[in-house]
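Data first, discussion second: the structure below is written as structure tokens.
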Amino acid sequence: MTGQLEPEVAQPTAADFTVSSQAVELDVEFLSRTVKGKTEIVVQPAGTDLRIIRLNCRQCVVTAIKIQGKPVPIPKHKDPYTHLGLRSEYETVFQHHQCRERIEGALGTTVTSDTTERELSIPIPKSVRISALDPASAAALQLAGNGAKDDGNTTNTLAGPAVLAGSTGYMGGLGVAYTPVKIEIEFRIDNVRDGLHFVGLREDDGRYPHAYTRNSGFPGTTCCIFPCVDQLDARCTWDISIRCPRTLGDAVRKPAKIEANGAHAQLEDTADKDGEDSMDTDEDEQILNLALGDEEKALDFTVVCSGDMTDDIVDPLDPTKRTVSFSCSTPISAHQIGFAIGPFEHVDLSEFREIDQDERLGQSAVRVDGYCLPRRSEEVRSTCMAQAAAMDFYVLTYTSYPFSSYSMVFVDDMDVDVANAASVSLCASRLLYPEEVLDTMDYVTIELARALAAQWSGIYIIPLEPKDHWILIGGAGFMADHFSQSLMGKNEYRFRRKMAADRVLELDIGRPSLHSLGDIIDLDPAELELIKLKAPLVLFILHQRIIKAMGRNGVPRILSKMFQNAKTGDLQNAAISTQVFLRTCEKIGHSKLDQFFFQWVYGSGYPIFHVTQTFNKKKMNVELRIDQVQRPPGKDLRDFDTSIDTTSFLRRTRESNANIQQSKPQHIFTESTPYLSNRHTPNFFQGPMTVRIHEADGTPYEHIIDIRESRARFELSFNTKYKRLKRVRRQKERAAAAAGIVDTSGDVPEDQLLYCLGDVLQSDREIQEWGLKDWSEEEEAAMNSENFEWLRVDKDFEWICRMTVSQPKYMWVSQLQQENDVVAQVESLQYLMRTNELNGELLSTILVRTLYDSRYYHGIRTMAAGALARCARIEFDYIGLKHLEKVFEHYYCIQSSTMTKSNDFSDRRAYVVQCAIPLAMCDVRTKNGKVLMRVKRFLLDKLKYNDNSNNEFSDCGYVTTLMRCLARTLVVDRQNYTAGYLPEDNYQEEMQFQEDALNEIERWRRKDEWLSSYRNIYSTTAISCLLLLMQNKVIPRSLSTFVQYSRPTNADNVRLQAFESLVELGVFEKANIMRFILHSYFSDKSPYLRGKLWNIIWRGLAHVAFGDFRAAPETDPAQELLDGALIVERDVSLEERQLAIARKKTLEGALDALKNDLSSNEVLQDYLRKAMSSREIGLREFVDILDLCQVLYDTFDKLVVSLKYPRYYTATNLGQGKIALRPNGRVRTTPMPKIEPLLKLHPPGKAAKGPSPSLKRQRQQSTVGSPERPFKQRRQSSTPDAHATSSGIRAPTPAMLAWPPDAIVPSTSNGTSRAHTNAHKRDSKVVKLKIKDKSRLAKFHAIPSANSAAAADNILGGASPPSAVATSMAPPPPPATNHHVSPTPPPQLWAPQTVALNGTSANKASVPVPAGTPTSSQSPGAGSPPAGGKVKLKLNFGKKNNPPAG
């Protein structure tokens, strides 16, 4: 592993050691948002050859490590959080593959120990010896019983080395115990990005400050808080101590200064003078300007953590801090540790426990606590009222609670609704609702009941492999649904099961099986949602089959047995597998269930049944034929629908990146089943099914059939010899009811109808008033000729299937009215909603009686209201609309008036129906797609005159329903437009109504600004209404309307609604909108908003990929008709047509179109790059960005490097031998020609040669004063010189070679530097110097730098030029003050060498002389100093009348 100190030691396997216990100490600092801590891990080796201990450690900086009390060097660990972001400013989105490679090891975290990569490898010192212990010794006996503590509530048998992570059994599985190893690690976290979240204490965040762990059902989060073995099967006991501020005022105050001896430092002894404690400081000590009162400052901080609280003390060294300790004796995994810190209010939820339950449970009653932020305790009471009842139900039905208490903490910014930890559930505060709100009650209650059930199925019991997650998720869901049945009733329970099954039919198309979904459960939230939806249903149908076969011992008994096995140790490490669960189910159910598991667990999809029935008069039986197909009616298997939409685009893209293939429906069982590979596995569903026939005498007869073939025929015996007796009895009862005859004797007549719904509105007056219509004589005759009332297939709800039963329409009506099972009623209504066999008036009559009859379950009544809208058509004289109006007026308006009553929501069933009727009415439209004006007026009046003054419940849900309905009435439905029907509309009336409707919506929107509604529901609904109207061009498009709501000062749900509106308007591709949305994503502090906003961004990308908002000619159907129905076809190529179809139908086509449209978008590239560099996003969000880059951009293994052009400088003589060099703004953009040296250094004893012929030609062709060639050689003076060569060019002297750039000084009498006259005219960059002999002058190139080789490198591109170069001799030039200096080095006179001044004195310098250069005291042939030798030179500077002495 990278960073390992002893790489020669082989890496240990996961079973080399187990963790027996771990202690954690955390110091959480709120102001700086940092964490300091220490952990002590006790490791039980599996052998004596353990030399490396590998731990998970992310985003932590390890400061010290001790093993067995001995300090060890801190190894380098591969922390993926150090690689989040870009390595340099030159890395772009095209290098996304390199970013992924750097964090590749952190992306494969699973629950299996052999695939998890651990980041910290600690070598064990050689001085630490691991030896075997005597099994009879005290140390071995202590290890055998380590952690087996009794918590006073349950008998814990999970603790101990025998069940810990990766263990091969206690004592290594060989009966030998080894010396335990204790590791102590000190660490700190400077930048918290994952694992822990802080809320508040920011300038723009005025919420109460608190912090909590971001738990998930999978490893990878806890190791971001402290080092540990973060695996699902690594279970041990825990001791946790958390140090935090004592009060809210202490959290916003600067930390106290501590002296070396631990005492508080006194600040100018002001505390002693004023007699005040250091805690009572003024606001000048507070970092943030928070509007906190004295009471709020005094709010105590509360710590809620997994385990039992053992201690709570105030820090003796710092009274502003407190330390709270917890102990968890039940072995749990690291990722199941959770805690929350903040000024929470405590609510005792056990007070809602019934008295009889309290007496029945006695000592087994578990304490249930709730915690919330200040001033929200009443909402906790109304939200969690059923939690105590749920706890008692689980304890009595399944098994005892595995911990001593249960706590629920409601916090802000949670990215999920509920995060489960051991004995603690962290819940989002958005789930809270006051007692007067009714709309969210059912969802929140079931969700919290599921969170409590997860303490058994998910925390106490864990999956053995990722593929086994479905057992625990399904078990928790089944337990919650089972409790909801006892709380809400059987009708509610079965109705929800039916709705969930229908939802599975919509989602489970081409999806993996339940068993395979476990491997990709963390790939996308949609995978987890499908498991949470389907797994409880699979257990439900399993329960139904076991109950029918055994009469008892269903799934509750199976789950209870599973929990008991974990307690008794039969279930090792409390880890369940699918194979073990299958054996448990077969043992409890006393039947083979391998075929059931193969179909519903290892297989994907669902069956589709076509059922036909005929009555055989000769045999007196019913012949039933069941054909099983895996396609909808009228579609071929090859026409598998792979189309995608905006909601599934992100999930499909992630699955494509992970190389997950879709399963086709005709291949139901595409999964490999290792446990069932040797068994017969047909390619169709098999199993028992119950058929119920309601015969003529009213008696239901049930028949159990066994489906073993794809096409099966069954003969069901018939028992009644007389026909239609029940129909005659019902006709007699109707006649008696119409005549007013009522039997009060209490005896049930022989021919009385025992159960019948919908038998309302039967009198002649009501029939005439309501416009009801009964069956015709022909239909009555057909009914009388039938031998049975109706037939129902799968009566016991044992299948998740799509079924089509062929039976007459009046049989479906009989099933609706006479069947007491709510699932049968749903099936009847679903048939009536899709059939065209019934006359509109008759269908409306049946539906309105269903809606009117309050004995029906309210879900059935709401479905009937929606179906009535189909009967409100012009050919039926809008009879369905009339019935909807009549029902609403009957129940909710003043008698004989259309004015609504004051709201009264005390009957929640009536409230649900009251909201459903307006939703159905707004779907009533004319043939031109418009809503009738009477419907518009009806809805507007109901919203305008809504009165909730006498209602004890909130009407926010009802008002928002009317707002949405009113907005929908303004939209013309083009899909239902019928050509040729163009009625004359009252334009003025339409415009006036539109203005009134918009004003009413605006009124409620502004009301929310003054008096906030529940979760700002008025504002979010108004935003969605405006979006609908803008999309349909009812009102002009105004982006500023939504942008103002997307500001960070608004609530998160309001901002998200505004962002979604911007995306749905098709403006995501606009540069400003894209820049704004992406910046909001990576800069926001809330993980909840970032997660939701990322889904919205992908919806915008989906619209781009599908081309939903591409420019296209718009045609109005009415305009086409008036123009003679002229159709103009564009000349579009076949390839363009194929691409347009592919981008809407296939994922590959959509991704290709998305890449073509956005890969060159510079704004998207820039802000994706900024998002990758953000310090707010975590590892998962960083991977999401990389996935998007993978879709949009090709990879390039190269970087674009930007270099600055060389600059020109201006030299200014400052006097006193100083020259200032400043850039003048000019840059050189053309390359310099190759420069050859004028002279080469000759060895001692040889004369230097003249310039080369090529250099001579170069000189002749050069231009005087050219910037690229600033020097031009001239004839030297005829004055003899000791250093002149045969070519007439003066050779460089050692003094010239040693002259540094900073030693360039003037040699004139007035102290000013001058250059040669000709050089001045040519803008030459030279200065005049005098060395040793004042009769000789030399020109030197000025380096634009002083005492800095780095500056020269910066200008010349890294090549250090010689300090001074002699070029020629010339007469003295006139004085000059400013000279333009070129950064280009001059022609060199010798082979490139670097010489620099080594001395610091002004009069002496130590200069390294290149090898072969003669000294000033040696002749050219007298030898040379050694290579790299030094020559001492004295350089005396003076004026003209005072020549140098040396």
Side-chain angles (χ1 to χ4, degrees), residues 1-3 22 24-39 41 54-65 74-87 99-109 116-122 183 185-199 211-216 218-231 234 240 242 333-335 337-339 341 413 415 419 421 522 1082-1087 1090-1091 1171-1186:
M1 180 176 287
T2 305
Q22 183 168 355
V24 180
E25 298 178 5
L26 299 176
D27 186 357
V28 182
E29 183 61 46
F30 275 77
L31 279 179
S32 59
R33 295 172 180 260
T34 58
V35 178
K36 293 182 180 180
K38 176 183 177 181
T39 182
I41 305 175
R54 294 183 297 163
L55 302 174
N56 297 105
C57 182
R58 300 180 181 179
Q59 84 176 2
C60 300
V61 179
V62 179
T63 57
I65 299 178
I74 301 175
K76 294 182 179 179
H77 68 285
K78 188 178 180 181
D79 185 5
Y81 285 82
T82 59
H83 302 293
L84 294 189
L86 304 176
R87 290 180 298 183
C99 299
R100 188 183 295 272
E101 292 172 357
R102 294 196 292 267
I103 60 173
E104 193 70 29
L107 302 183
T109 302
T116 302
E117 179 177 344
R118 303 179 188 173
E119 296 80 17
L120 182 61
S121 298
I122 305 175
I183 306 102
I185 304 175
E186 296 181 8
F187 59 93
R188 72 175 191 273
I189 306 176
D190 300 325
N191 181 30
V192 179
R193 304 177 72 163
D194 272 332
L196 191 67
H197 181 63
F198 290 90
V199 179
Y212 57 89
T213 54
R214 296 178 59 187
N215 295 78
S216 67
F218 321 103
T221 55
T222 305
C223 61
C224 298
I225 307 176
F226 52 82
C228 60
V229 179
D230 199 357
Q231 292 177 192
I240 303 173
I242 299 176
S333 306
H335 81 282
I337 295 292
F339 61 85
I341 310 170
D413 292 347
D415 55 342
D522 58 344
F1082 67 77
S1083 63
D1084 199 88
K1085 313 298 181 184
S1086 172
R1090 290 199 305 267
M1172 296 168 67
S1173 303
S1174 174
R1175 296 178 63 86
E1176 298 294 337
I1177 63 174
L1179 179 63
R1180 176 72 241 187
E1181 295 160 317
F1182 185 75
V1183 174
D1184 289 340
I1185 299 174
L1186 295 182

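Quick note: numbers below take in every heavy atom, side chains included, and nothing from hydrogens, waters or symmetry partners.
Here the CD1-CZ distance, from Ile189 to Phe226, works out to 9.5 Å after rounding to the nearest 0.5 Å. Note: Phe1082 CZ to Ile1185 CD1 = 9.0 Å, rounded to the nearest 0.5 Å. Atoms CG and SG, on Asn56 and Cys223 in that order, are 5.0 Å from each other to the nearest 0.5 Å. Rounding to the nearest 0.5 angstrom, the gap separating the CD1 atom in Ile183 from the CD1 atom in Ile122 is 6.5 Å. Within the model, atoms CD1 of Ile74 and CG of Leu120 stand 9.5 Å from one another, a figure rounded to the nearest 0.5 Å. Rounding to the nearest 0.5 angstrom, the gap separating the SG atom in Cys224 from the CG atom in Leu196 is 10.0 Å.
In this structure, the side chain of Arg118 engages the main chain of Arg54 through a donor-acceptor pair within 3.5 Å. No donor-acceptor pair under 3.5 Å is formed between the side chain of Glu119 and the backbone N or O of Pro227. Of the possible donor and acceptor atoms, one in the side chain of Asp230 sits under 3.5 Å from a partner among the backbone N and O of Gly220. No side-chain donor-acceptor contact under 3.5 Å links Asp522 to the backbone of Phe218. Not a single donor-acceptor pair under 3.5 Å links the side chain of Arg214 to the backbone N or O of Ala419. Proximity of a side-chain donor or acceptor of Glu1176 to a complementary backbone N or O of Asp1084 within less than 3.5 Å is not detected. A donor-acceptor pair is defined here as one N or O able to donate and one able to accept, closer than 3.5 Å; such a pair exists between the side chain of Gln59 and the backbone of Arg193.
Side-chain contact between Ile65 and Pro75 is present, with at least one heavy-atom pair separated by less than 4.5 Å. Put simply, the side chain of Arg33 does not reach to within 4.5 Å of the side chain of Val192, judged on heavy atoms. Inter-residue side-chain proximity for Val229 and Leu55 is flagged as met; some heavy-atom pair is nearer than 4.5 Å. Contact check for Asp194 versus Arg58: no side-chain heavy atoms found under the 4.5 Å cut-off. When side chains are defined from C-beta on, Thr39 counts as touching Phe187, because their heavy atoms get closer than 4.5 Å. At a threshold of 4.5 Å between non-hydrogen side-chain atoms, the residues Thr63 and Arg188 count as touching. Put simply, the side chain of Phe1182 reaches to within 4.5 Å of the side chain of Ile103, judged on heavy atoms. Using a 4.5 Å heavy-atom cutoff, the side chains of Tyr212 and Asp413 are in contact.
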Task: Met1172 and Leu1186: CA distance, side-chain angles, deciding distance, side chain to side chain contact (heavy atoms under 4.5 Å, CB included) verdict - done: CA-CA 8 Å; Met1172 296 168 67; Leu1186 295 182; 3.7 Å; yes

Task: Residues Thr221, Thr213; criterion side chain to side chain contact (heavy atoms under 4.5 Å, CB included); working and verdict - done: CA-CA 8 Å; Thr221 55; Thr213 54; over 6 Å; no

TODO: For Asn215 and His335, run side chain to side chain contact (heavy atoms under 4.5 Å, CB included): C-alpha distance rounded to whole Å, both residues' side-chain angles, the deciding distance at 0.1 Å, then the answer.
DONE: CA-CA 7 Å; Asn215 295 78; His335 81 282; 5.8 Å; no

TODO: Would you check, one step at a time, whether the test side chain to side chain contact (heavy atoms under 4.5 Å, CB included) holds for Ile1177 with Asp1184?
DONE: CA-CA 10 Å; Ile1177 63 174; Asp1184 289 340; over 6 Å; no

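Ser32 and Glu29 make their closest contact through OG-CG, 3.1 Å (heavy atoms, listed as atom of the first residue, atom of the second, distance).
For an aromatic pair to be called close, the ring centres must be under 6.0 Å apart, and Phe30 with Phe198 satisfies this.
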